[in-house]
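Written out below as structure tokens is the structure these notes cover.
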Amino acid sequence: MSELSHQLEPAAPPAPPGPAARDSWRSRHRFAASLTRGAGLAGVVLVAMVCLAGLFAPLLTSWDPVQQVAGSQLLPPGAGHLFGTDQLSRDIAARVFHGARTSLLVAVIAVPAGTVLGILIGLLATTRPLADLITQRVFDVVLAFPALILGVLLALVAGPGTPTVITVIVVTEAPIVGRLIRSQVLRVRELPFVESARVIGAPGGWVLRRHVLPNSLEPVAVHVALAFSGAIFAESAMSFLGIGVRPPAPSLGGVIADSLLYIEIRPWFAVAPLAVVVALSVGFYLIAQALGKAGRD
Amino acid sequence: MTDTDASLLRIENLAVSFGTRSDRARAVDGIDLDVAPGEIVALVGESGSGKSLTARAVLGLLPDGARAEGSIVLAGTQVVGADERTLNRLRGGVAAMVFQEPQTALNPVQTIGRQLIEALRLRPGFDKATARDRAVELLRTVEIPDPERRLDWYPHQLSGGQKQRVVIALALSGRPRLIIADEPTTALDVTVQAGILDLLRRLRDETGTAILLITHNLGVVADLADRVVVLRDGNVVEEAGVAELFRTPQASYTKELLAAVPRLSTTDSREAGTPAEDRVVDLEGVSVVHPGRGRAPAFTALEGVSLQLRAGEVLGLVGESGSGKTTIGRVALAVTPPTSGTVRLLGRDPRTLRRAELRALRRDLALVPQDPAASLDPLWTIDDCVAEPLVVHGAGDRARIRRRVAELLDAVHLPAAAGRRRPGELSGGQRQRAALARALALSPRLVVADEPTSALDVSVQSRILELFTQLRAEFGFAALFISHDLAVVSEIADRVALLESGRIVETGPARTVFGSPAQDYTRTLVAAVPVPDPAIQRRRHSPSEKETP
Amino acid sequence: MRRHLLTRIGSGVLVLLLASIVVFVALRLVPGDPARVIAGTDAAPDTIAAVRAQLGLDHSLVYQYWHWLGNVLRLDFGTSYVIGGPIGSLIGHGVANTLVLTVTAVVVAVALSLVASIAWVVRPRRWLDTVLGTLVTVSIAVPPFVSGVLLVLVFAVLLPVLPASGIPPEGYFASLDITAQYLVLPATCLALPVAAALTRFLSEALRREWRQPYVLTARALGTPARRILTRGALRNALPTFLTVLGLQTGALLSGAVLVEAIFAWPGLGQLLTQSVGARDYPVVQALVLLSVAVFVVIQIVTDLAHAFLDPRVRLEGRP
Amino acid sequence: SSAVDQAKQASGAAGGTLVVGTLSDLTPSAIYSQSTTSMTIGRLLYDTLIRYDRATGTPQPAVAKSWTVSPDGRTVTLALRDDVKFHNGRPLTSEDVAYSLKTYASAAAASQLRPAAAAVTAVDTADPHVAVLHLAHPLVNLFDLLEFVLLTDRETPDQLKAGEQFIGTGPFKFAGWQRGQQVRLVRNDDYWNGAPKVEEVDLKVIPDETALLNSVRSGQTNVVVDASVQALTPFRGNDAYTVEPENIWDVNYYIGANVTDPALSHRAVRQAIAYAVDRERILHEVFGDTGSVNSAPWSPDSPAYNQELATRYTRDLTKARDLLTEAGGAPAQPLRLSYNTALAPAKSVAAIVQNNLADIGIKVELEPLDGAALTQTLNSGRSQLWINPHGFGQNSPATLATGAAPFKPEGNLSGYRSADYAALVERVWEQPDPDSAAAHAAYDAYTQLLSDEQFVINLVSTTVTNVYTGSVRGVDWNTYKYLILDKATVK
Ligand SMILES: Nc1ncnc2c1ncn2[C@@H]1O[C@H](COP(=O)(O)OP(=O)(O)OP(=O)(O)O)[C@@H](O)[C@H]1O
Ligand SMILES: Nc1ncnc2c1ncn2[C@@H]1O[C@H](COP(=O)(O)OP(=O)(O)OP(=O)(O)O)[C@@H](O)[C@H]1O
Ligand SMILES: [Mg+2]
Ligand SMILES: [Mg+2]
């Protein structure tokens with residue numbers, strides 16, 4: 001059978017046990033280095049800029065993101081309001097910066113959580129055939145549900161809000177990571193150095209923890225960088241559908257959703273939030289790209 | 001033969017470099033080389049000396065990021081800096097290439113017929129039918145039996161030797177005047193290798209094709225080449241006719257290289273180890289059958305193998321690829337359980353042991369793997385790798401372990417600084433030493449060395465073998481030494497066992513077996529080993545003595 | 001191979017069963033009562049009770065599930081609570097429309113990604129890399145609900161050259177020209193992210209193939225690069241490509257939900273959102289089951305395609 | 001062969017086809033209640049017994065050409081036209097009137113006018129062209145009922161439920177329904193009131209509001225009913241379109257308060273909320289000044305409209321704070337404010353209300369719910385505050401008082417219940433003459449109680465806004481906003 005998930009990750013080709021394995025000693029160093037130049041650096045800068053904007057949102061704009069000033073509905077950008085005001089007379093800049101904060105927060109919690117969950121389940125799957133059968137089928141079920149429908153149903157059950165968005169991302173992320181890690185473990189497990197650890201009498205747990213897992217993480221790392229942009233997208237899609245971050249809390253998706261109604265008469269409304277979403281996604285993508293390249297060379 | 005005016009290929013001051021403008025590394029640094037029509041020139045040198053890059057530069061096939069400078073004139077056309085169109089005219093038609101790995105040199109999802117026909121149709125004057133006829137003819141030339149039928153086969157249905165022949169047929173498809181063969185036989189068994197070398201020789205003799213042969217096997221060089229160019233660190237250190245080079249090497253590096261070549265010693269009178277009473281390994285009628293999976297039928301890897309190994313003894317295991325050498329090693333390490341027969345390791349049957357007892361037994365067993373690069377965890381430091389057996393078996397506190405690791409590294413002549421590096425930061429020879437140190441950490445009573453030097457070039461190989469002998473004297477372990485290189489085994493083993501498709505066909509003291517083989521199979525094997533002496537090889541090829549593998 | 005296929009089908013059925021339970025239970029956990037939706041906000045309790053009884057919602061959950069499953073096995077998916085009428089025919093129209101849209105989108109995406117990837121691999125130029133990479137990223141980054149709105153605004157409203165929404169009024173086959181005009185915007189909107197994902201995977205796979213020794217063999221024989229890619233490498237990359245394409249089904253269906261809304265394309269996505277909103281249990285259950293079945297079938301088909309494309313599997317049952 | 005031109009031509013042809021865009025598809029079972037279904041096809045396919053003149057609010061003859069009400073208000077005699085035929089050719093008789101009234105009285109019909117329909121104890125059908133209604137008590141909203149009840153075919157109720165046949169006596173005949181896509185109606189040439197001008201009406205289902213409005217702009221539809229004010233901006237001031245608010249001011253946005261919740265049980269808290277909200281701002285920013293601020297449930301043209309009470313609550317933070325103090329301070333815990341995410345205005349109103357209440361120290365958490373979940377929450381009694389529109393403020397007060405969920409004396413959404421209130425509803429309902437002084441006194445008393453109790457905190461009265469392409473004339477609607485296209489033309 002084909003290892004679907006293995007091919008899921010373009011940036012991590014099945015490392016031929018030869019030269020690639022020989023070279024992966026430098027992985028950490030190389031990964032770090034790949035982010036200090038070229039596209040990797042550009043990605044880091046983009047993400048960092050948005051992070052800083054989110055972090056220092058209160059300094060960048062004096063407005064509160066939920067504060068409504070009666071009578072200043074849909075003002076164009078200008079003095080007082082950097083990006084203008086929205087349909088509820090709130091400062092768009094404040095909403096975008098604080099929204100970036102929310103979106104990043106979602107990504108920063110959901111992606112690692114989904115990754116860890118995926119790794120745990122993926123590992124579990126490799127221990128017993130029965131566990132494998134069950135987890136694989138469960139993964140199938142989750143992957144077979146269109147993610148959006150999963151999101152809608154979850155949001156309806158749990159009510160919209162940040163925790164729901166996080167849950168949806170975790171639930172859809174975990175199977176992908178799980179598959180990825182599973183196929184990696186199955187591969188790494190057969191590599192000579194793992195056998196050589198078994199031959200010296202190392203117990204199974206030791207081998208798994210010390211050898212198999214660390215050597216299986218590389219493609220996961222690359223995937224995770226991509227998953228961040230996926231998370232940003234998921235958040236905005238859910239907020240767009242009204243099942244995302246709970247109003248009036250700002251989120252990028254929410255601001256975009258608000259702005260689309262006015263795209264023709266107040267086009268500037270949409271510009272700032274879109275720019276931030278694109279910057280984040282492009283940034284994370286460039287990072288993933290750089291990491292992937294570093295993993296390959 | 002070195003008539004420069006008539007040269008087919010002339011390389012002058014070729015340099016190949018990698019990296020950005022500011023950070024350039026020169027892998028090939030000013031090579032001069034000529035190949036005349038009909039000549040076989042061998043390019044030798046240790047790993048990484050720039051042989052492959054030189055060859056690829058000739059066809060303008062350097063890897064991404066590489067840059068060639070200097071001049072390469074192939075049949076009157078300058079290759080360096082030529083555009084893809086010009087290069088494509090030269091490729092295949094003037095010069096063709098045969099690569100090292102027959103397993104991957106063919107497209108796995110196309111029939112060999114299709115690949116041949118596609119290559120032929122790049123040439124003018126071939127339509128589908130004529131190309132097919134020519135493909136059959138080519139396969140016949142390279143001695144593929146039943147070529148009409150084989151056209152529709154996929155690469156995976158052919159043996160390694162056959163695949164290499166198909167690759168050669170592809171190379172011949174454009175009737176090139178020069179064939180560049182980059183280690184064409186390294187991945188093959190000696191018997192198969194002999195066949196391929198034969199084929200190349202015949203090609204030259206019959207069609208006058210020149211051959212640029214790249215190899216680090218001096219036996220092969222002696223067998224085939226007219227002239228030898230020795231490379232080191234991207235430079236030519238010596239160039240001479242083959243007989244001359246072997247007789248009177250000039251450069252010190254050439255001498256070193258020649259000295260390091262293991263020779264099949266049939267008159268060796270090394271003393272056998274002191275055999276003690278207890279048997280370290282005792283296999284009785286062991287068979288290993290791999291159950292079939294899917295449509296693949298069950299496969300018998302070992303059949304009725306009986307084998308004893310006494311303490312302190314070195315038993316060499318030889319045989320062709322797939323004959324079951326590694327499987328015996330795995331049985332002796334209690335990794336693969338036998339399907340039938342009995343196994344006793346250090347007097348105990350591993351199958352009857354509980355988990356903890358088995359782990360205790362493993363303290364006394366160790367593996368020196370074939371490819372240490374793959375056998376040491378790439379993320380661990382050498383210190384940690386060597387310490388791992390000690391830690392796993394709780395052999396003392398941190399400080400003691402650290403001291404023991406230092407001793408071990410010292411024993412294998414590794415500098416202490418190497419311990420802090422990761423496997424990837426060591427050279428192949430150093431890595432192999434680290435693997436040895438790791439194997440010896442717990443003072444095992446049995447070491448299984450599975451082709452421990454096949455990934456190394458000869459000079460490094462000889463140093464490792466020396467070290468191995470020395471350590472055995474010091475630690476007194478018994479060893480199962482697996483190799484397909486008869487010469488290596490003959491140098492190191494007390495006794496040898498010869499395997500053919502899962503059965504032991506001959507055992508005995510090394511010199512007896514190699515000196516006066518009792519079995520046909522053994523004789524074939526011994527005869528196929530190319531001797532690094534052109535004179536002997538020439539004699540062997542005289543028609544009266546020619547062997548057909 | 002056959003045994004492999006049988007186990008695959010078996011596990012597919014298992015997945016379907018699991019999914020049916022999940023969606024059945026999840027729907028009933030969702031607050032909101034279909035009876036109340038049908039009866040309306042102002043309805044009195046006895047009205048609602050009457051409607052509940054009429055819909056069979058007064059039985060135990062297990063009974064309801066069992067009953068439903070039994071009917072589904074007989075290919076009877078029940079009756080829509082809201083729109084009335086048997087679900088089979090209700091979904092029928094939607095399936096056709098969604099199929100037309102998604103298949104067009106897939107064709108567009110595949111074509112785009114093939115052209116882009118081959119160009120990208122054959123000529124590994126730095127600027128092309130950057131430009132294509134950024135384009136790919138932006139089309140992943142800009143959500144379809146944004147690109148859709150922008151597309152409509154530009155092509156249907158500002159310079160009205162294309163219809164803003166809906167399907168060809170005379171049917172798809174009346175005039176291919178008209179059909180194409182209706183399809184352009186929604187299909188592009190749906191195809192963009194898929195094309196981006198495919199391009200990433202395909203160019204990666206092609207580049208991986210490009211590093212294979214057999215490519216070197218072919219190049220050494222003077223085979224032009226484009227020919228190597230289209231004749232040999234593409235075929236080897238095809239399994240990966242198909243796998244990724246198969247995995248995009250879920251994304252396509254999610255995308256269809258958004259795109260169909262933006263372009264008023266009367267397909268399953270629209271039906272699904274409406275049915276979820278109205279708590280039209282039977283319709284939602286049928287639709288989710290359908291999409292899971294599609295996913296499962298596609299997985300099996302890609303698996304078979306793998307086997308078919310790789311002679312090592314085809315001839316021997318394993319690679 | 002441009003699809004755009006083609007669409008424009010099809011809808012612009014003389015006589016032609018009127019294409020109506022609608023957000024939701026038909027729900028056949030909802031035909032008997034005021035719902036999107038009845039609002040789109042109710043008056044196209046079906047007839048009613050009378051028609052209100054919207055200008056004067058007086059009933060006019062329709063299928064019933066005249067009527068008499070007995071002095072005690074308990075017998076109503078309807079003289080029916082004899083030229084009314086169902087689409088299948090069957091003449092309409094008093095049996096059909098009896099059947100329709102009975103249907104509306106049944107629980108399954110889920111009609112808001114059910115209490116009124118149920119008050120009809122018997123229908124005398126001796127004469128096929130005279131229907132005599134016997135009432136349990138005088139019905140102040142009798143004409144509301146007669147305007148509301150659609151005369152459906154008694155022989156095909158099952159086909160109606162399944163959506164296979166919609167047989168009525170209306171100006172258009174049902175000609176096909178592609179579920180989820182469109183409904184086709186064709187002209188009824190035998191219509192008793194003269195055949196309509198357009199040959200065909202297509203209802204196009206476009207569930208996304210932006211897409212819906214784009215369909216008008218790209219010429220794929222001619223009429224869009226009920227578009228939100230924000231979305232309409234690009235149409236305003238463009239001669240190619242008519243933007244027309246329907247002059248039935250019955251969309252009353254309100255804040256509902258659950259009086260059984262301890263935080264809201266004190267009347268002063270609810271009044272404080274009523275004083276704190278900025279109705280002017282809501283009207284302006286959310287509804288684009290379409291409608292009027294209103295702190296009572298009645299539309300300005302309702303007989304129960306009371307200027308004083310309609311303007312009793314205006315934003316007054318001092319009063320609000322005083323009231324809060326009186327009640328013992330703002331609730332300690334944040335209050336949940338639920339709203340329907342599908343209603344764009346509700347979302348904005350909720351945000352403004354949240355902001356307004358913060359000014360008097362009441363913390364509010366927004367709880368966005370989809371329609372079904374909101375209904376569930378409201379009926380569960382666990383809600384606290386919510387934003388929703390209610391209808392029925394436009395005609396007889398009894399209809400609202402007895403049938404609208406926020407106001408019903410029994411089981412209203414706020415859990416408000418008192419003997420006084422029940423008695424007042426009864427009093428309003430049993431007025432024989434809706435225009436008498438006694439009736440007005442009853443309305444005022446009822447409105448006063450609502451105004452004091454503020455379990456329904458009314459905000460604004462507004463209406464739905466329609467958009468037509470320039471070629472469309474004569475779109476009309478009845479008092480329940482059922483679309484009427486009897487006289488409509490397209491170019
Ligand atoms: N793609 C590359 N990037 C960077 N360095 C390279 C690359 N390919 C080869 N080199 C370096 O160039 C040098 C010469 O390589 P080459 O492959 O010619 O060696 P070789 O003599 O063929 O060795 P071997 O016997 O191991 O095949 C080596 O040091 C190698 O590390
Ligand atoms: N797990 C397995 N399942 C099926 N067949 C196997 C398996 N492992 C090994 N074999 C087969 O058993 C035979 C002996 O394998 P083994 O690895 O012992 O050969 P070897 O002598 O070490 O060969 P080489 O020199 O190539 O390393 C081979 O033909 C191999 O294909
Ligand atoms: Mg080489
Ligand atoms: Mg082996």
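To find a chain, count down the sequence lines: A is the first, B the second, and so on, and within it residues start at 1. Fair warning: this is a prediction, and the values are worked out from it, not measured in the lab.
Annotation: side chain to side chain donor-acceptor pair (under 3.5 Å) contacts of B:Asp383 (sequence neighbours excluded): none. Listed by chain and residue number, A:Thr126, A:Val185, A:Leu186, A:Arg198 satisfy the side chain to side chain contact (heavy atoms under 4.5 Å, CB included) test with A:Arg189 (two or more places apart in sequence, or in another chain).
When all heavy atoms of A:Ala197 and B:Glu388 are compared, the pair lying nearest together is CB-OE2, 3.9 Å. Taking both residues in full, the closest heavy atoms of A:Phe193 and B:Pro378 are given as CE2-CD, 3.6 Å, listed atom of the first, atom of the second, then distance.
Looking at B:Arg438, only its side chain comes within 4.5 Å of chain A, counting heavy atoms on both sides. Heavy atoms closer than 4.5 Å to chain A are found in the side chain of B:Arg330, but not in its backbone. With a threshold of 4.5 angstrom between heavy atoms, B:Pro369 does not approach chain A through any atom at all.
Within residues 202-212 of chain A, the residues approaching chain B closer than 4.5 Å by heavy atoms are, in numerical order, A:Ala202, A:Pro203, A:Trp206, A:Arg210, A:His211. Annotation: residues 127-135 of chain A contacts chain B through no residue [non-hydrogen atoms, separation under 4.5 Å].
The distance from atom CG of B:Asp450 to atom OG of A:Ser196, rounded to the nearest 0.5 Å, is 12.5 Å.
A heavy-atom distance below 4.5 Å is not found between the side chains of A:Val199 and B:Leu365. Within the 4.5 Å cutoff, the side chain of B:Arg362 has no heavy atoms near those of the A:Ile200 side chain.
Of the listed residues (B:Val335, B:Leu367, B:Leu376), the greatest number of heavy-atom pairs within a distance under 4.5 Å of chain A belongs to B:Leu376.
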